[in-house]
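On a predicted model such as this, the values are computed, not experimentally measured, just so you know.
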Amino acid sequence: MVWFAAITLGVLIGVSDMFLLACEKSAGKWITVILRDSLITILSAMALADKVLDVKNIFAISSQRISYSWKFLGLILAIGLIFLIISGFAKRIFIIEFCPAKQKRSTLTLKIVSTFLFALGIAAYTGTLWGKEAFGELSPDQILINLNSPIEGTDVGVYISLFSGPVLKTVLFTVLYCTLFFPKYKLVYNKKEKQVVFLSEIVIRIISVILAVAILVSGCSYGIKRFQLTTLFDSYLNDSTYIEDNYVDPETVNLKFPEEKRNLIFIYLESMENTYFSKNLGGYFDENYMPDLAELSKEGISFSHKESLFGGPLSTFGSGWSVAAMVNMNSGLPMKVPVDGNSYGQPGNFLPGATTLGDILEKQGYVQSVMFGADAAFGGLNFFFESHGDFNILDHKGVIEQGWLPEHYDVWWGYEDDKLYEFAKTELARLSSLDKPFHFVMETADTHAPDGYLSENAEKKYNSQYANCIYYSQAEAVKFVRWIQEQDFYQNTTIVLIGDHLSMAEDFCTPINNDGYYRTCFNLFINPPEELCNIDKSRLYNRDWAVFDMFPTLVACLGIEFDGDRLGIGTNLFSNEKTLFERDGIDYVNKELENLSKFYNNTILLNLKNINKIKGE
């Protein structure tokens with residue numbers, strides 16, 4: 001059926017050629033022109049189908065998705081029309097006649113306005129496509145939060161792709177638009193010595209305005225749909241007390257620390273998913289990209305959303321990127337859009353009303369360090385860790401200040417994971433020598449979208465660079481854990497490894513999403529207190545949990561006892577207490593978290609309760 005329609009379109013292009021452009025009336029000429037035009041359009045469409053439409057097998061297109069068939073027919077039609085237009089100008093049947101250059105001020109104003117509208121529409125299209133390719137499925141709250149957060153420390157590759165992508169494309173399309181519609185001209189149809197004005201100057205001007213408005217409306221609509229901005233708008237019209245009703249303030253909970261306080265090493269593994277395991281382990285692929293982590297997992301405890309070992313937290317509002325994931329896991333709260341001039345990029349103003357894991361451990365005399373290969377100013381993370389635990393920050397700038405890197409060293413997001421592990425060993429040696437309990441946090445970066453950073457030491461085992469990055473990164477993480485296990489401080493240290501969020505590597509992950517596989521992040525607790533190692537295995541499997549449940553779970557894995565097994569809105573996964581997802585349902589909880597929360601705004605974001613106390617109110 002598809003090929004019958006394709007041939008029919010080819011014949012119609014040929015017939016149109018004869019009526020509009022050809023002068024001969026002989027049957028032989030008709031047949032020749034129709035065959036020529038049909039072959040040109042259909043074969044050209046076939047040649048472009050794999051590049052333009054991503055069709056895997058053009059000869060079996062009818063057995064693929066129905067959208068491919070429609071796109072293929074549309075491609076034939078587009079090529080045919082372009083061929084007719086070029087042919088018409090070549091034969092001088094279509095003629096451009098330029099008019100005098102003088103024009104009214106109102107006409108010039110109309111051209112400038114329409115060009116501006118056209119550029120905005122193209123920018124909306126190209127910006128949306130770039131955002132999805134560079135960052136994956138950005139949530140609307142993430143967009144607004146990032147707009148209100150510092151962008152220092154962003155990988156220079158992001159800026160390069162921004163200018164080489166949407167900026168350059170917007171400029172090129174706008175220049176093309178101006179070239180087509182700024183000059184005063186008319187299109188004349190000239191056949192058999194008869195001239196007919198095909199498009200007059202006024203009609204061309206009307207078309208330019210209609211096109212500009214259409215591009216603006218469709219571009220903005222496309223961006224709004226892809227980024228789900230209507231969902232964000234709707235959510236902020238609805239006030240919810242859900243966070244307030246379920247929030248347990250750590251300041252009001254009696255936390256009983258063990259006599260010998262445990263150390264905590266918390267390793268965020270960038271975009272590390274259970275997806276990368278082989279199918280027999282619960283992953284997506286035939287090949288196991290994380291064999292070392294699979295082996296290490298036999299020595300620890302993981303919480304899974306299904307029957308098999310390798311599962312993880314379910315999709316949660318306000319947690320889908322690195323900064324938000326860290327906020328969730330350290331405070332037991334989602335990361336929501338700032339209000340009333342509040343910003344995540346100001347000293348002392350990053351969730352000032354929240355009590356985090358860093359706050360709790362600082363009061364108990366812990367020394368704390370956090371290490372990133374990037375600049376901690378990105379997203380305001382430096383303000384978060386400085387104001388919640390007084391962490392020693394060893395980011396890109398920090399290690400240069402320590403003299404561990406040359407002043408102008410800049411690789412990937414700052415410095416690569418090979419050096420991150422090297423520096424982490426140095427910092428752990430320092431922390432363990434202070435005769436105080438310590439809390440060390442680090443985040444890898446080499447598996448960041450879009451394609452990761454492949455170390456020169458990495459084996460190129462697969463055709464995909466991203467797959468090679470995953471394989472090398474997980475192996476290096478395990479080597480680091482093995483090094484820790486050889487140190488004297490390990491006996492009283494809990495190690496936690498967790499994927500910070502789902503990967504945003506669009507090319508690598510799109511086939512996974514299309515197949516309907518449910519993606520989750522890797523999690524593993526190594527060497528928790530002995531009493532937690534003997535919990536009922538039913539608590540480990542078929543658990544519906546969120547990343548904010550990590551907060552009380554981390555507190556528990558330090559051997560700290562507390563009543564209720566809940567902190568923030570999170571639940572201690574080692575306990576028998578149901579999580580909010582298990583009690584109220586995943587969709588319901590996420591919807592409530594999306595909605596406006598006056599409690600969150602006033603108490604967590606603005607800390608009005610504490611301000612009022614200071615004022616004596």
Side-chain angles (χ1 to χ4, degrees), residues 149-150 153 248-253 255 257-258 261-268 319 322-335 343-372 374-395 397-399 401-402 423-424 427-428 430-443 489 492-496 498 500 547-548 550-560 562 567-568 570 603-605 607 610:
S149 301
V248 177
D249 187 350
E251 295 285 348
T252 65
V253 177
L255 301 173
F257 280 74
K261 294 172 183 174
R262 296 184 69 82
N263 307 311
L264 175 63
I265 297 175
F266 194 7
I267 306 172
Y268 292 99
S319 69
S322 296
V323 178
M326 292 179 185
V327 167
N328 274 256
M329 295 188 216
N330 282 276
S331 70
L333 286 165
M335 192 169 178
S343 171
Y344 293 115
Q346 298 175 14
N349 204 30
F350 200 120
L351 300 180
T355 298
T356 70
L357 179 63
D359 294 322
I360 292 170
L361 298 185
E362 181 186 18
K363 289 181 180 179
Q364 291 293 321
Y366 277 70
V367 286
Q368 305 186 93
S369 288
V370 60
M371 186 172 285
F372 308 96
D375 188 334
F378 179 71
L381 271 178
N382 53 336
F383 302 127
F384 178 68
F385 283 103
E386 285 170 357
S387 58
H388 293 286
D390 192 25
F391 281 75
N392 177 35
I393 298 176
L394 292 168
D395 62 348
K397 290 180 180 177
V399 297
E401 290 173 0
Q402 291 287 331
F423 300 152
E427 179 63 5
L428 281 171
R430 183 188 74 84
L431 292 172
S432 62
S433 69
L434 297 177
D435 198 28
K436 292 182 178 180
F438 65 82
H439 173 207
F440 177 73
V441 181
M442 62 181 286
E443 182 186 31
F489 60 78
N492 193 40
T493 299
T494 297
I495 306 171
V496 179
I498 189 165
D500 58 349
V547 286
F548 51 71
M550 283 294 291
F551 177 39
T553 306
L554 288 169
V555 171
C557 77
L558 288 174
I560 304 168
F562 54 100
L567 295 172
T603 304
I604 306 301
L605 277 175
N607 199 19
N610 190 53

Determine, step by step, whether Leu333 and Leu351 satisfy the side chain to side chain contact (heavy atoms under 4.5 Å, CB included) criterion, reporting the C-alpha distance in whole Å, the side-chain angles of both residues, the deciding distance to 0.1 Å, and the verdict.
CA-CA 10 Å; Leu333 286 165; Leu351 300 180; 5.7 Å; no
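Considering every non-hydrogen atom in both Ser331 and Thr356, the closest pair reads CB-CG2, 4.0 Å. In terms of heavy-atom proximity, Thr252 sits nearest to Asp249 at OG1-O, 2.7 Å. Contact record, Leu264 with Cys557: CD1-SG, 4.5 Å, taken as the closest heavy-atom pair. Between Pro552 and Gly570, the closest heavy-atom pair is CG-C, 3.4 Å. Glu427 and Ser369 make their closest contact through OE2-OG, 2.5 Å (heavy atoms, listed as atom of the first residue, atom of the second, distance). Here the shortest heavy-atom pairing between Ala424 and Met442 reads CB-SD, 4.1 Å.
Between Asn392 atom CG and Glu386 atom CD the span is 10.0 Å, to the nearest 0.5 Å. The line from CE of Met329 to CG of Asp500 is 6.5 Å long, rounded to the nearest 0.5 Å. To the nearest 0.5 Å, atoms CG (Leu567) and OG1 (Thr553) are separated by 9.5 Å. With rounding to the nearest 0.5 Å, the separation of CG in Asp395 from CD in Glu401 is 8.0 Å. Summarising the geometry, atom CZ belonging to Phe551 is positioned 8.0 Å from atom CG belonging to Asn330; distances are rounded to the nearest 0.5 Å. Rounded to the nearest 0.5 Å, atoms CD (Glu362) and CG (Leu357) are 11.5 Å apart.
Between Phe489 and Leu428, some side-chain heavy-atom pair lies under the 4.5 Å cut-off. Side-chain contact between Met326 and Phe385 is present, with heavy atoms from C-beta onward closer than 4.5 Å. In this structure, Leu558 and His439 have side chains that are not in contact, with every pair of non-hydrogen atoms separated by 4.5 Å or more. Side-chain contact between Leu394 and Phe423 is absent, with no heavy atoms from C-beta onward closer than 4.5 Å. The closest side-chain heavy-atom distance from Leu434 to Arg430 is below 4.5 Å. For the pair Val323/Phe384, no side-chain contact is recorded, criterion being any heavy-atom separation below 4.5 Å from C-beta on. Considering only heavy atoms from C-beta on, Ile360 comes within 4.5 Å of Phe257 through its side chain. Contact of the Met550 side chain with the Val496 side chain is registered, since non-hydrogen atoms from C-beta on lie closer than 4.5 Å.
Annotation: Phe350 is not in aromatic contact with Phe383 [ring centroid separation under 6.0 Å not met].
Screening Thr493, Thr494, Asn492 against Asn263 for a side chain to side chain donor-acceptor pair (under 3.5 Å) leaves a single residue, Thr493.
Although no hydrogens or angles enter the test, the distance criterion places a donor-acceptor pair under 3.5 Å between the side chain of Lys261 and the main chain of Gln364.
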